[in-house]
Amino acid sequence: MQRRALGLAAFATAIFALPWLPVPDFWITQLNYIGLFSLVALGLVLLTGVGGLTSFGQAAFAGIGAYSSAWLCTAFGASPWLGLLAGLLATATVALLLGCLTLRMSGHYLPLATIAWSLALYYTMGNLDALGKYDGLLGVPAIHLFGISLHDERRVYGLIWFCALAAALGLTQLLDSRPGRVMRALNVNRGGGVTMPEAMGASTFRYKVVMFVIAALLASLSGWLFAHMQRSVNPSPFGIKFGIEYLFMAVLGGVGQVWGAFTGAALVKLTEDQLQVWLPKLIGTAGSYETIVFGVVLVMVLKFAPDGVWPMVERWLPKRHRARTPGQTAEPLAARSKPARGEVLLEAKAVRKAFGGLVAVNDISFTIRAGDIVGLIGPNGAGKSTTFNLISGVLPMSSGEVLLRGQRVDGLPAREVARRGMSRTFQHVKLVPDMTVLENVALGTYLRTKSGAFAALLRVDRAEERRALHEARLQLQRIGLSEQADELAGNLALGPQRQVEIARALASDPSLLLLDEPAAGLRHQEKQALAAVLRQLKAEGLSLLLVEHDMDFVMNLTDRIVVMEFGTRLIEGTPAEVQASPAVRAAYLGTER
Ligand code: ADP
Ligand code: MG
């Protein structure tokens with residue numbers, strides 16, 4: 001076993017052995033709070049650290065979990081376990097509703113909505129007679145587990161830490177999976193976004209909602225444990241102040257990683273206690289001055305350690321092994337039926353795009369036959385990338401038609417176009433920098449695999465996952481990049497990064513591959529290697545549309561060339577015809593060289 005796994009096992013053993021050792025009750029109480037806070041912060045690791053989405057409403061979700069169960073137990077004598085179920089259901093419903101309303105919109109709506117929702121819930125809890133108004137509900141029963149009543153802090157401790165560590169494990173497993181790869185590609189603060197995962201076939205909106213609901217459920221679970229530990233509930237721990245504090249814990253600990261949640265929860269809880277002892281002595285009066293101290297600390301953390309405290313701790317731990325994905329023996333993923341050579345694969349008919357008054361693409365038409373490499377060339381600003389985005393469904397077109405194997409694909413979202421067999425790379429490389437090269441390529445297998453978040457949490461997706469990683473390895477071999485498979489994608493130079501993008505596109509088993517300036521920024525030798533790879537792909541029966549402004553690169557590679565200038569088609573023909581055309585020389589060479 002690795003040293004890191006051993007360390008983890010030792011940590012878990014120590015945690016669970018603690019209540020049986022003669023440690024003071026105070027410690028156990030502290031650790032209970034740290035466990036409860038960690039659960040909520042873990043949700044924020046997923047939502048904010050991984051997904052780049054901010055919520056101030058996690059304390060309010062904890063409130064739903066706490067109040068649902070407390071109310072059912074005190075008013076109807078229900079079992080806390082039924083209360084848990086009801087709380088999770090209520091939480092999921094609210095989170096779904098809130099998520100569906102706000103997650104389609106741009107970044108700021110979610111945080112705003114979670115603030116509004118926190119305030120609304122707080123005043124509802126405080127004003128409902130049935131919920132005891134601001135005094136809350138007393139006499140909440142203890143949880144019974146296997147006939148044991150968890151009525152004191154030493155007894156409930158084990159359940160709290162079991163939930164926290166299980167959540168951490170589940171989250172780790174979720175992130176290392178098919179849905180996890182999509183989630184990790186979404187974070188706009190780390191150079192991600194929705195365009196690439198959508199082009200790989202994923203509904204990013206659905207994943208954002210899933211992440212939001214999971215985070216809410218973890219908070220709700222924490223609230224339930226809290227209510228039955230305290231044996232009472234009142235609105236104050238579920239207000240906006242705690243919503244902010246949870247976010248603070250996650251950021252302080254290191255919002256990108258699972259263990260950051262525990263670090264942040266522990267730091268905040270322990271510091272808060274110390275401040276409550278020392279601040280009154282220093283300043284002389286009691287008050288919530290610790291909020292001010294936390295505010296200052298938060299600013300310092302964001303400035304000097306934007307990744308939080310955990311990465312500094314991690315530096316002292318044994319290194320994690322990356323090369324742990326064998327996958328050599330997996331059964332290959334199913335392949336799509338290929339069009340016959342010469343069959344009409346793509347037809348673009350009078351495709352047009354206007355950005356306000358600027359007609360970036362002016363009624364462009366061309367045809368690609370199976371087995372062909374077609375080049376789309378023209379000076380910078382000619383409209384090549386826009387044409388590309390129109391065909392692949394990234395941008396909606398103003399008018400025109402696109403047919404893929406005889407089926408209309410214009411008007412479809414990019415993920416549906418991808419499903420029908422078109423795959424693409426991006427002019428501005430879109431890789432997930434903190435994912436390995438292999439994982440990045442495996443994103444391309446998204447449409448050929450099925451496992452969802454639930455399967456990943458429970459680890460029942462492993463057989464399919466092996467096949468996906470195997471496919472990714474094959475594609476890396478195909479483009480000659482196997483050596484770098486376990487390297488982080490962000491560590492590669494631009495040339496290899498472009499190759500990784502090609503491998504990722506190939507992993508979707510496309511009929512048509514669209515490459516946007518694959519040779520840009522490559523050195524001469526890299527260009528020749530790339531040309532050899534593309535020829536090989538053609539020989540294997542794949543069709544390519546190649547956007548380039550490097551004339552020489554296209555001339556030796558393509559069957560046909562479409563030349564664009566100012567959004568219009570200047571000429572279409574064989575490389576020889578294009579090269580001989582005086583209009584092309586004037587327009588193209590004049591501006592480019
Ligand atoms: P190319 O890829 O051939 O260099 P582009 O397709 O990127 O050219 O751009 C074509 C024209 O459309 C340029 O004048 C560019 O400024 C304009 N353009 C591209 N995208 C947008 C956009 N989202 N909004 C407004 N104008 C755009
Ligand atoms: Mg371009």
Side-chain angles (χ1 to χ4, degrees), residues 195 198-199 338-355 358-427 505 508 510-518 534 537-538 542-549 554 557-575 577-578 581 583-584 587-588:
T195 311
E198 287 278 335
K338 293 288 178 310
R341 191 170 284 268
E343 179 188 314
V344 173
L345 191 61
L346 183 96
E347 271 181 282
K349 295 183 184 170
V351 170
R352 185 182 186 87
K353 180 70 183 182
F355 292 113
L358 173 82
V359 181
V361 177
N362 190 356
D363 296 344
I364 292 286
S365 303
F366 58 90
T367 301
I368 301 175
R369 291 178 182 277
D372 276 0
I373 301 186
V374 173
L376 186 60
I377 68 170
N380 272 331
K384 305 181 299 290
S385 291
T386 306
T387 304
F388 217 75
N389 288 335
L390 295 177
I391 293 173
S392 59
V394 168
L395 279 176
M397 55 182 77
S398 307
S399 65
E401 277 180 26
V402 178
L403 289 91
L404 183 66
R405 300 185 78 175
Q407 283 186 320
R408 286 279 294 266
V409 295
D410 52 87
L412 294 180
R415 58 175 186 277
E416 288 301 326
V417 179
R419 185 183 296 281
R420 285 159 176 73
M422 200 189 298
S423 194
R424 63 167 293 175
T425 63
F426 294 89
Q427 178 175 357
S508 71
S511 320
L512 176 62
L513 183 60
L514 276 60
L515 304 177
D516 197 350
E517 306 217 8
L534 298 185
L537 294 177
K538 175 185 155 81
L542 199 68
S543 322
L544 286 98
L545 176 65
L546 196 66
V547 163
E548 246 329 317
H549 69 233
V554 196
L557 200 63
T558 48
D559 299 295
R560 300 190 68 74
I561 293 177
V562 179
V563 186
M564 285 182 78
E565 191 197 18
F566 301 125
T568 52
R569 189 177 79 175
L570 208 56
I571 181 178
E572 179 182 351
T574 63
E577 285 166 356
V578 166
S581 157
V584 173
Y588 195 80

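Values reported hereafter were calculated over all heavy atoms of this structure, with side chains retained and with hydrogens, waters and symmetry mates removed.
Nearest heavy-atom pair, Phe355 versus Leu395, reported as atom, atom and distance to 0.1 Å: CZ-CD1, 4.0 Å.
The shortest side-chain heavy-atom distance between Val562 and Thr387 does not fall under the 4.5 Å cut-off. Residues Leu346 and Met422 meet the side-chain proximity criterion, which asks for heavy atoms closer than 4.5 Å. Taking the side chain as every heavy atom from C-beta outward, Gln427 and Val547 never approach each other to under 4.5 Å.
Atom CD1 of residue Ile561 and atom CG of residue Leu570 lie 12.5 Å apart, to the nearest 0.5 angstrom. Leu512 contributes atom CG, which lies 7.5 Å from atom CG of Leu544 (distance to the nearest 0.5 angstrom).
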Inset, instruction - Evaluate side chain to side chain contact (heavy atoms under 4.5 Å, CB included) for Arg424 paired with Val394, printing each intermediate quantity in order. - result: CA-CA 11 Å; Arg424 63 167 293 175; Val394 168; 3.4 Å; yes

Inset, instruction - Report the C-alpha separation of Arg420 and Leu412 in whole Å, then their side-chain angles, then the decisive distance to 0.1 Å, and conclude whether the side chain to side chain contact (heavy atoms under 4.5 Å, CB included) test is met. - result: CA-CA 10 Å; Arg420 285 159 176 73; Leu412 294 180; 3.6 Å; yes

Legend entry - From CA spacing to verdict: salt bridge (charged side-chain N to carboxylate O under 4.0 Å, His left out), Asp559, Lys538: CA-CA 11 Å; Asp559 299 295; Lys538 175 185 155 81; 2.8 Å; yes

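Without hydrogens or angle criteria, Thr574 side chain to Arg560 main chain gives no donor-acceptor distance under 3.5 Å. Of the possible donor and acceptor atoms, one in the side chain of Lys384 sits under 3.5 Å from a partner among the backbone N and O of Gly378. Using modelled atom types, one side-chain atom of Asp410 and one backbone atom of Val402 make a donor-acceptor pair closer than 3.5 Å.
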When the side chains of residues 361-368 are checked against the rest of the protein, which donor-acceptor pairs come out under 3.5 Å, sequence neighbours left out?
from	atom 1	to	atom 2	distance (Å)
Asn362	OD1	Arg352	NH1	2.8
Asp363	OD1	Arg352	NH1	3.4
Ser365	OG	Ala350	N	2.8

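For Lys353, there are no side chain to side chain donor-acceptor pair (under 3.5 Å) partners two or more places apart in sequence or in a different chain.
Among residue pairs with one or both ends in residues 338-347, those qualifying as salt bridge (Lys or Arg N to Asp or Glu O under 4.0 Å) are Lys338-Asp509, Glu343-Arg405; sequence neighbours excluded.
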